[in-house]
There are 2 protein chains.
Amino acid sequence: MTEPEPTVSAPLVGLAAAILAATLDEPRVLTVPVAGQPDGRGEGLPAGPLEPAHPTLERGLRAWVERQTGQSLGYVEQLYTFGDRNRRRGGQGEGGLHALSVAYLALVREARPAADATWQSWYRYFPYEDRRAGRPPALDALTDRLEAWAGAATDPEQGRRRSDRIGLTFGAAGSGWNEERVLERYELLFEAGLVPEAGASDHIAGQAMAFDHRRMLATALGRLRGKIKYRPVVFELMPPAFTLGQLQRVVEALSGVLLHKQNFRRLVAQQGLVEETEAVTAETGGRPARLMRFRREVLLERPVPGLRLPSGRPG
Amino acid sequence: MTEPEPTVSAPLVGLAAAILAATLDEPRVLTVPVAGQPDGRGEGLPAGPLEPAHPTLERGLRAWVERQTGQSLGYVEQLYTFGDRNRRRGGQGEGGLHALSVAYLALVREARPAADATWQSWYRYFPYEDRRAGRPPALDALTDRLEAWAGAATDPEQGRRRSDRIGLTFGAAGSGWNEERVLERYELLFEAGLVPEAGASDHIAGQAMAFDHRRMLATALGRLRGKIKYRPVVFELMPPAFTLGQLQRVVEALSGVLLHKQNFRRLVAQQGLVEETEAVTAETGGRPARLMRFRREVLLERPVPGLRLPSGRPG
DNA sequence: CCGATATATGCTCACATTGAGCATTTACCC
DNA sequence: GGGTAAATGCTCAATGTGAGCATATATCGG
């Protein structure tokens with residue numbers, strides 16, 4: 001009855017990885033050059049087709065990433081499978097063939113590029129997502145363009161819906177900024193034609209990427225920003241020993257907002273996420289900080305805590 | 001560089017849907033008969049292969065579901081793409097060919113089966129997930145078998161890890177029950193060989209399904225149980241007008257735990273999720289309740305609230 | 001009509017969590 | 001030795017959460 005008839009479809013299945021790290025208080029993503037792309041879209045995520053030799057999707061992904069970047073992956077999590085033929089402007093998808101991509105999120109500890117892979121800041125691709133220095137001034141230009149798009153809607157009702165979405169995702173007057181809505185913001189910019197991936201000629205909304213890789217990256221950032229709140233995944237990005245200050249700066253780099261220092265420490269402490277080591281560190285001026293390490297045991301304990309980010313502080 | 005070479009792979013891509021509803025305080029899933037399956041595995045989810053005629057994955061899914069069940073889908077969300085060749089014991093996957101399935105979660109309002117599709121209770125497939133009447137007695141037998149499996153590990157370290165996982169997912173002595181870990185519990189039972197999908201001959205852990213459809217269903221239940229806490233998705237399952245008592249019983253049915261009535265009402269009220277209608281209803285004995293309706297406007301408001309389930313009450 | 005029973009609904013209270021800030025400690029730099 | 005920069009310790013008000021008590025308003029069986 002529901003037995004698939006193994007004749008009809010033979011789509012291409014691609015695997016792609018958003019490999020994330022945090023070095024020197026800056027969140028990074030591992031990128032590779034992509035040939036044959038339109039101007040300004042020559043950067044992409046490590047990716048490759050699923051091959052018969054791959055025992056599982058994830059193993060196939062790991063193989064491609066190692067081949068292309070030399071990076072071996074630790075924490076890996078499936079993100080989403082993208083299949084919109086319509087979205088594909090970068091090559092594939094001709095005829096009735098589907099080009100389907102399974103995207104993954106990977107977290108790694110260190111940044112040592114290999115081959116022609118390079119680490120880039122997340123905010124190269126999403127400059128408006130970094131609010132650590134307050135609301136980026138460039139955001140005004142963006143929302144102006146978005147509102148212009150909303151105003152150009154065919155009927156008033158559609159225009160109102162567009163305005164609502166802009167307010168919801170970019171944080172209207174009264175409403176706040178939700179740092180998890182990375183994908184929704186990118187989708188809005190895409191629909192409004194403000195990104196090169198959708199035909200725009202300027203890079204007002206950040207550096208473009210090949211295929212729909214920037215959409216995958218947006219998905220990854222949103223997922224990670226959400227996940228650090230209820231799972232201790234930040235520690236996948238930290239060195240074995242770190243200070244609470246470093247930990248906080250990494251969390252701030254990932255989430256793009258600043259946090260209240262004392263409350264952050266209280267949270268980490270009462271969740272039992274870390275334990276002290278004997279060592280302290282000198283750092284740049286100020287009182288030396290104690291080096292901490294992640295308490296692996298929390299993975300076996302009850303509520304499996306994360307770092308519920310508070311609402312942030314002014315800056 | 002990372003350009004996929006369109007030669008190597010031509011995997012079969014399937015689409016499958018866990019279509020969920022809640023009728024008469026019981027959570028339901030729409031199932032179809034599946035031919036050619038081993039004994040006791042003749043039930044499955046609506047599914048079919050991705051076809052070139054399908055413009056997008058989701059549109060392909062909707063087409064298959066309507067063809068097989070007559071049900072048209074409202075809320076649809078992608079769950080996960082399953083691709084483990086090894087897991088596939090039910091037919092496909094021979095040779096080096098991958099059989100890849102993109103699973104979806106769908107929420108619908110009413111239950112009116114068509115063709116030979118039937119609505120079944122979730123708890124037919126996961127009896128141990130229903131704790132509304134307290135801890136199910138059958139759970140003891142299950143955890144006994146699981147602990148036996150842990151004890152039969154090749155080395156003590158592995159056995160300890162297994163015991164830890166059992167305690168974590170099924171709620172050990174001191175630790176509580178986390179209703180969202182449906183998939184982890186099923187995976188554990190699978191690994192322990194306690195489900196027919198993994199070769200077991202009895203149905204101690206609930207009714208089996210064709211292929212890996214029960215795994216997909218577990219993924220769907222876990223996702224929905226999590227999502228109702230931070231998005232107002234329950235209302236996709238409710239009729240246009242309902243009482244707070246009905247709403248609570250649906251939430252309890254989905255999550256499998258009982259809630260404190262007064263606190264539930266306070267939560268719903270202060271989140272502004274519903275508004276009163278003029279009507280009241282008679283019901284079965286007791287004071288008549290006011291009929292409420294979902295406030296669609298909340299979708300446009302700030303924190304996009306859900307129904308954070310409290311820890312539950314004894315029962 | 002009366003009381004028993006079953007929900008619905010209103011309200012209180014102790015306790016935990018959260019957002020914000022003040023104060024002190026301990027290093028380095030000049 | 002004084003100035004500067006973090007790290008660390010503590011307090012306090014506001015809010016949120018878990019549990020119950022009390023009241024309102026139906027139906028049902030005599």
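Reminder, nothing fancy here: chain letters follow the sequence lines and each chain counts from 1. All values derive from a computational prediction rather than experimental measurement.
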Margin query: Whether Lys261(A) contacts dA6(D) is assessed here as follows: a side-chain N or O lying under 4.0 Å from the phosphate OP1 or OP2. Is that the case?
Written below: no
Check: Regarding Ser255(A) and Glu179(A), is there a side-chain donor-to-acceptor distance under 3.5 Å anywhere?
Finding: no
Note to self: Using a strict threshold of under 4.0 Å (side-chain N to carboxylate O), is an ion pair present between Glu129(A) and Arg225(A)?
What the structure shows: yes
Measure from [atom1] on [X] to [atom2] on [N] and round the result to the nearest Å.
X: Met292(A); N: dA6(D); atom1: CE; atom2: P; result: 19 Å
X: Gln246(B); N: dT9(C); atom1: CD; atom2: P; result: 11 Å
X: Glu276(A); N: dA7(D); atom1: CD; atom2: C1'; result: 12 Å
X: Leu244(B); N: dA6(C); atom1: CG; atom2: P; result: 21 Å
X: Leu247(A); N: dT8(D); atom1: CG; atom2: P; result: 12 Å
X: Gln270(B); N: dT17(D); atom1: CD; atom2: P; result: 7 Å
X: Gln248(A); N: dA5(D); atom1: CD; atom2: P; result: 17 Å
X: Gln262(B); N: dT17(D); atom1: CD; atom2: C1'; result: 14 Å

Check: Base, sugar-phosphate, or nothing: which does Arg266(B) touch, judged by heavy atoms less than 4.0 Å apart?
Finding: base
Note to self: What contact category does Arg265(A) fall into here, base, sugar-phosphate, or nothing, at under 4.0 angstrom with non-hydrogen atoms?
What the structure shows: base
Next item on the list: Anything under 30° is parallel, anything over 60° is perpendicular, the rest tilted; go ahead and classify Phe242(A) against Phe235(A).
Entry: tilted
Next item on the list: Check whether any side-chain N or O of Arg214(B) sits under 3.5 Å from a backbone N or O of Gln207(B) as a donor-acceptor pair, and report yes or no.
Entry: yes
Check: Any sub-3.5 Å donor-acceptor pair from Arg131(A)'s side-chain atoms to Pro136(A)'s backbone N or O?
Finding: no
Next item on the list: Looking only at side-chain atoms of Asn263(B), point me to the closest of dA19(D), dA8(C), dT17(D).
Entry: dA19(D)
Next item on the list: With the side chain of His260(A) defined as its heavy atoms from C-beta on, choose the nearest nucleotide among dA20(C), dT17(D), dT8(D).
Entry: dA20(C)
Next item on the list: Please determine if Arg185(A) forms a cation-pi arrangement with Trp177(A), meaning its NZ or CZ atom is less than 6.0 Å from the six-membered ring centre and no more than 45° off the ring axis.
Entry: yes
Check: Between Arg132(A) and Glu26(A), does a salt bridge (Lys or Arg N to Asp or Glu O under 4.0 Å) hold up when you go through it step by step?
Finding: CA-CA 11 Å; Arg132(A) 286 175 294 175; Glu26(A) 204 52 33; 3.3 Å; yes
Check: What does nucleotides 24-30 of chain D look like as a protein-contact string, B for base, S for sugar-phosphate only, - for none, at under 4.0 angstrom between heavy atoms?
Finding: BBB----
